[in-house]
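Input: a single structure, listed below in structure tokens.
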Protein chains: 2
Amino acid sequence: MAKTLHSRFDCTPGCSVEAAVSLISGKWKCVVLWYLLEEGTLRFNELRRRIENITQRMLTNQLRELEIDGLIHREVYAQVPPKVEYSLTQRGRELTPILMALKAWGDAHIDLFGKDGIAGKPYAVAADEGA
Amino acid sequence: MAKTLHSRFDCTPGCSVEAAVSLISGKWKCVVLWYLLEEGTLRFNELRRRIENITQRMLTNQLRELEIDGLIHREVYAQVPPKVEYSLTQRGRELTPILMALKAWGDAHIDLFGKDGIAGKPYAVAADEGA
DNA sequence: GCTACTAGTATCAAAAAGGATACCGCCATG
DNA sequence: CATGGCGGTATCCTTTTTGATACTAGTAGC
């Protein structure tokens, strides 16, 4: 299977695959992206309540990084009490195929992740069908 | 755009998207996967020479993790000098759509990553087209 | 007056990831 | 005899990431 697709591959260090992965590698980023994809627009505490277990610091953190990377939009309303809404940018919405592919793969191989899921590390059960 | 896809989304903490991402989040993992996808089977030092800048320790490390996750196959030949061949498992090959989607996105938004690429952090240039 | 809500910060500590370097046995080559 | 290729380990250290906790300002409700 190797030789055929050879042409368009060029994963030198710093390639676009690496780059794209790095944008969604934060511990909670894909969850945030997923919720925003699902619900369109959410306020800070709405996200916080949905995600559960995430600390305020981490949520702020992940949101900031996603914003810096141009994947989400942050809308601040000059009110009191404060109101801040988060939504996907166009660029963020374009991640959809990636998220879908990830989900498809994850669902197909869900057996890898024991009952404790990815959080609890031991997703072993190596598959040696060789090459 | 939100309401329509609602049905098959269920990104609770530990969802399959998170899980899948975590398997390719290592610093060199997607590069390794890419090379194996491209070339089919490679020996340890062949990978090492291709990747450049990776230390022996990190390569061993990433390969071990990929093996544990069932994405690559490690074939040891009882020779001297030693010979160890790495290749993708079926499960690993099924990552292809993900890698492709990542590459497509990365290529489309390559402008995000300044001349120093992802390695040098500052991929700013936020895009505020709102939602 | 006390409480809670909003969307955060600040500070500290712990854990995980990554990097540098040196070393291993064994063989072939020079 | 020294060197290099092979596929790693072992050890130590630094950086990055994540987590826990406490704090902020201004308003509303009790």
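Per chain, numbering begins at 1; letters A, B, ... match sequence-line order.
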Does A:Thr41 use its side chain to pair, donor to acceptor, with the backbone of A:Ser87 at less than 3.5 Å?
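It does not hold such a pair.
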Of all the heavy-atom pairs spanning A:Phe44 and A:Leu59, show the shortest one and how long it is.
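Nearest heavy atoms, A:Phe44 then A:Leu59: O-CD2, 3.6 Å.
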Which heavy atom in A:Arg93 sits nearest to a heavy atom in A:Leu88, and how many Å separate them?
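Closest approach of A:Arg93 to A:Leu88, heavy atoms only: NH2-O, 3.3 Å.
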Scan [X] against the nucleic acid and name what it touches under 4.0 Å (heavy atoms): base, sugar-phosphate only, or nothing.
X: B:Gln62; answer: sugar-phosphate
X: B:Tyr77; answer: nothing
X: A:Glu85; answer: nothing

With a 4.0 Å cut-off on N to O distance, would you call B:Lys83 and B:Glu85 a salt bridge?
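Judged by the 4.0 Å cut-off on N to carboxylate O distance, B:Lys83 and B:Glu85 do form a salt bridge.
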Could you work out, with side chain to side chain contact (heavy atoms under 4.5 Å, CB included) as the rule, every residue matching A:Gln62, not counting sequence neighbours?
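Once residues adjacent in sequence are excluded, the partners of A:Gln62 under the side chain to side chain contact (heavy atoms under 4.5 Å, CB included) criterion are A:Trp28, A:Lys29, A:Met58.
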Apply side chain to side chain contact (heavy atoms under 4.5 Å, CB included) to A:Val76 and list each qualifying residue two or more places apart in sequence or on a separate chain.
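By the side chain to side chain contact (heavy atoms under 4.5 Å, CB included) rule, A:Val76 matches A:Arg74, A:Val84.
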Rounded to whole Å, how long is the line connecting atom [atom1] of [X] with atom [atom2] of [N]?
X: B:Glu18; N: D:dT18; atom1: CD; atom2: C1'; result: 14 Å
X: A:Leu63; N: C:dG8; atom1: CG; atom2: P; result: 8 Å
X: B:Leu59; N: C:dA20; atom1: CG; atom2: P; result: 14 Å
X: B:Leu42; N: D:dG8; atom1: CG; atom2: P; result: 13 Å
X: B:Ile51; N: C:dG18; atom1: CD1; atom2: C1'; result: 15 Å
X: B:Tyr86; N: D:dC6; atom1: OH; atom2: C1'; result: 12 Å
X: B:Gln79; N: D:dG7; atom1: CD; atom2: C1'; result: 12 Å
X: B:Glu75; N: D:dG7; atom1: CD; atom2: P; result: 13 Å

Below the 4.0 Å mark, does D:dT9 have OP1 or OP2 next to a side-chain nitrogen or oxygen of B:Arg64?
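Checking D:dT9 against B:Arg64, a side-chain N or O does come within under 4.0 Å of OP1 or OP2.
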OP1 or OP2 of D:dC6 sitting under 4.0 Å from any side-chain N/O of B:Arg49?
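B:Arg49 to D:dC6 OP1/OP2: side-chain N or O found under 4.0 Å.
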Close side-chain approach of A:Leu47 and A:Leu63, heavy atoms under 4.5 Å
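In short, these two side chains touch, coming nearer than 4.5 Å.
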One character per nucleotide, please: for nucleotides 19-30 of chain D, 5' to 3', B when the base has a protein heavy atom closer than 4.0 Å, S when only the sugar-phosphate does, - otherwise.
BB------S---
